[in-house]
Amino acid sequence: MARPTEGIEKLLANNNDWASTISAHDPNFFPELAKGQAPEFLWIGCADSRVVPNFATGTKPGDVFCHRNVGNIVMHTDMNCMSALEYSVLHLKVKHVIVCGHYGCGAVNASLTLPQKSDGVVNCWIAHIRDVRNSYAQELKKLDGPAKLPFMCEANAVRQAFNVCTAPAIQSAWASGQEVFVHAVIFDLATGKLKRLAGPISSLKQAAEAQAGHVQHMSDKISKDLGDVLSFEAGM
């Protein structure tokens, strides 16, 4: 039976090795890091353990300010998310706000499969993803079972990016002339690659245009996919 401290001791040992390696390569790295932060990016992503911002983007400590939650949800009533957005945009002056979803997201899958009457806080939390699902009800009806989840993972990331655009901190920054760009991307766990879904967006007008364009793109993609399937079946 493992000792209760075994897991944390392993992490601490790994940390010591990591810090020693970094310091040996660059003795000034940590002293400089301790002086303050000036990140260029705010990353709003899922809490999934497989989607690690610095690891996925090849960035260093201090480059990316992060906020993560189950399902990469952006709600104006979530003070945690709004505080991270306000502080990073209005005080740290980040240039880019990135909402990152990922394929195979458990929260998004639950929005498609978990009964609404289920108990638990998670079921309440993913109601915000169900709102996205409901807005794409007609498109989802045209998709077979396996195709629904990747479609919704993309749709959710884009919707949350648009929620960023209407958040008070972003509105205040844009109104003052501050340059901030909002993006939606998605991470493919099977390849390790990020794919751009929407952005860069730097105004409400661009946000509205991007949202309309994304909805049309998704509808066109479904129609094309259905057309390809029907053509294939007709030729059999």
Main-chain N/O of Leu143 paired to Lys148 side chain as donor or acceptor, under 3.5 Å | yes
From Glu40 atom CD to Ile98 atom CD1, the distance as rounded to the nearest 0.5 Å = 8.5 Å
When the ring planes of Trp125 and His128 are compared, do they come out parallel, tilted or perpendicular, using 30° and 60° as the limits?
-> perpendicular
For Phe65 and Gln37, work out which heavy atoms get closest and say how close.
-> CD1-OE1, 3.6 Å
In one Ile/Leu/Val/Met/Phe/Trp/Tyr side-chain cluster, 4.5 Å: Val97, Ile73 | no
Looking only at heavy atoms, which two atoms of Ala84 and Leu42 are closest? And how far apart?
-> O-CD2, 4.3 Å
More than 12 non-hydrogen atoms from neighbouring residues, nucleotides or ligands closer than 6.0 Å to NZ on Lys93, yes or no?
-> yes
Given the rule in the side-chain contact (heavy atoms from CB on, under 4.5 Å) test, do Arg196 and Ile186 qualify, once you have shown the distances and angles that lead to the verdict?
-> CA-CA 7 Å; Arg196 181 185 297 175; Ile186 193 158; over 6 Å; no
Are the side chains of Val70 and Cys46 in touch, meaning some heavy atoms are under 4.5 Å apart?
-> no
Give, for atom CG of Leu90 and atom OG of Ser176, the distance between the pair rounded to the nearest 0.5 Å.
-> 7.5 Å
Should we count NE2 of His25 as having more than 12 external heavy atoms under 6.0 Å?
-> no
Taking the side chain from Arg68 and the backbone from Pro53, do they hold a donor-acceptor pair closer than 3.5 Å?
-> no
Does Ser172 reach the main-chain N or O of Pro168 with its side chain, forming a donor-acceptor pair under 3.5 Å?
-> no
Begin with the C-alpha distance, continue with both residues' side-chain angles, and end with the deciding distance and a verdict on side-chain contact (heavy atoms from CB on, under 4.5 Å) for Thr166 and His76.
-> CA-CA 9 Å; Thr166 55; His76 295 177; 3.1 Å; yes
Test of ring centre spacing under 6.0 Å for Phe151 and Tyr136 = yes
Are the side chains of Asn72 and Asn156 in touch, meaning some heavy atoms are under 4.5 Å apart?
-> yes
Side-chain heavy-atom pair Tyr103, Leu189 within 4.5 angstrom cut-off = no
Out of curiosity, does Val51 fall in the hydrophobic cluster containing Val108 (side-chain heavy atoms, cut-off under 4.5 Å, transitive links)?
-> no
Is there a donor-acceptor pair closer than 3.5 Å between any side-chain N or O of Asp188 and the backbone N or O of Gly192?
-> no
Verify side-chain contact (heavy atoms from CB on, under 4.5 Å) between Gln178 and Val89, making sure each step is shown before the conclusion.
-> CA-CA 9 Å; Gln178 182 179 339; Val89 170; 3.9 Å; yes
Are side-chain heavy atoms of Met152 and Val132 found at a separation under 4.5 Å?
-> yes
Check whether Val74 and Ile201 end up in the same hydrophobic cluster, where Ile, Leu, Val, Met, Phe, Trp and Tyr are linked by side-chain heavy atoms less than 4.5 Å apart.
-> yes
Could you grab the distance from atom CG of Asp48 to atom SG of Cys105, nearest 0.5 Å is fine?
-> 7.0 Å
Min side-chain heavy-atom separation Arg133-Leu112 under 4.5 Å = yes
Closest non-hydrogen contact found for Ile126 with Ser111 is CD1-N, 3.8 Å
Shortest non-hydrogen separation from Ser135 to Arg159 and the atoms involved | OG-NH2, 2.8 Å
Output, in order, the C-alpha distance, side-chain angles, deciding distance and verdict of side-chain contact (heavy atoms from CB on, under 4.5 Å) for Met75 and Gln160.
-> CA-CA 8 Å; Met75 291 188 300; Gln160 305 312 323; 5.7 Å; no
Evaluation steps, salt bridge (charged side-chain N to carboxylate O under 4.0 Å, His left out), between Glu209 and Lys205 | CA-CA 6 Å; Glu209 291 171 351; Lys205 182 176 183 292; 2.6 Å; yes
Measure the CG-CG distance between Leu140 and Asn134 for me, rounded to the nearest 0.5 Å.
-> 9.0 Å
Taking the side chain as C-beta and beyond, is there a heavy-atom pair between Val99 and Val164 under 4.5 Å?
-> yes
Starting at CE of Met82, measure out to CD1 of Ile170 and round the result to the nearest 0.5 Å.
-> 9.0 Å
Is Trp43 reachable from Phe41 through a run of I, L, V, M, F, W or Y residues, each pair having side-chain heavy atoms under 4.5 Å apart?
-> yes
State plainly whether one hydrophobic cluster holds both Ile129 and Val122, where clusters connect Ile, Leu, Val, Met, Phe, Trp and Tyr through side-chain heavy atoms under 4.5 angstrom apart.
-> yes
Nearest heavy-atom approach of Leu92 to Pro39 is CD1-CG, 3.9 Å
Any His67 side-chain heavy atom under 4.5 Å of Leu85 side chain = no
Which atom names give the shortest non-hydrogen contact between Ala184 and Val158, and what distance separates them?
-> CB-CA, 3.9 Å
Neighbour count >12 (heavy atoms, 6.0 Å) for atom OH, Tyr87 | no
Contacts of Ile22 that satisfy side-chain contact (heavy atoms from CB on, under 4.5 Å) - sequence neighbours left out | Trp18, Phe29, Phe30
Quick one: pull up CH2 in Trp174 and CZ in Phe181 and give me the separation to the nearest 0.5 Å.
-> 10.0 Å
If we only count heavy atoms from C-beta on, is the Gln171 to Leu204 side-chain gap below 4.5 Å?
-> yes
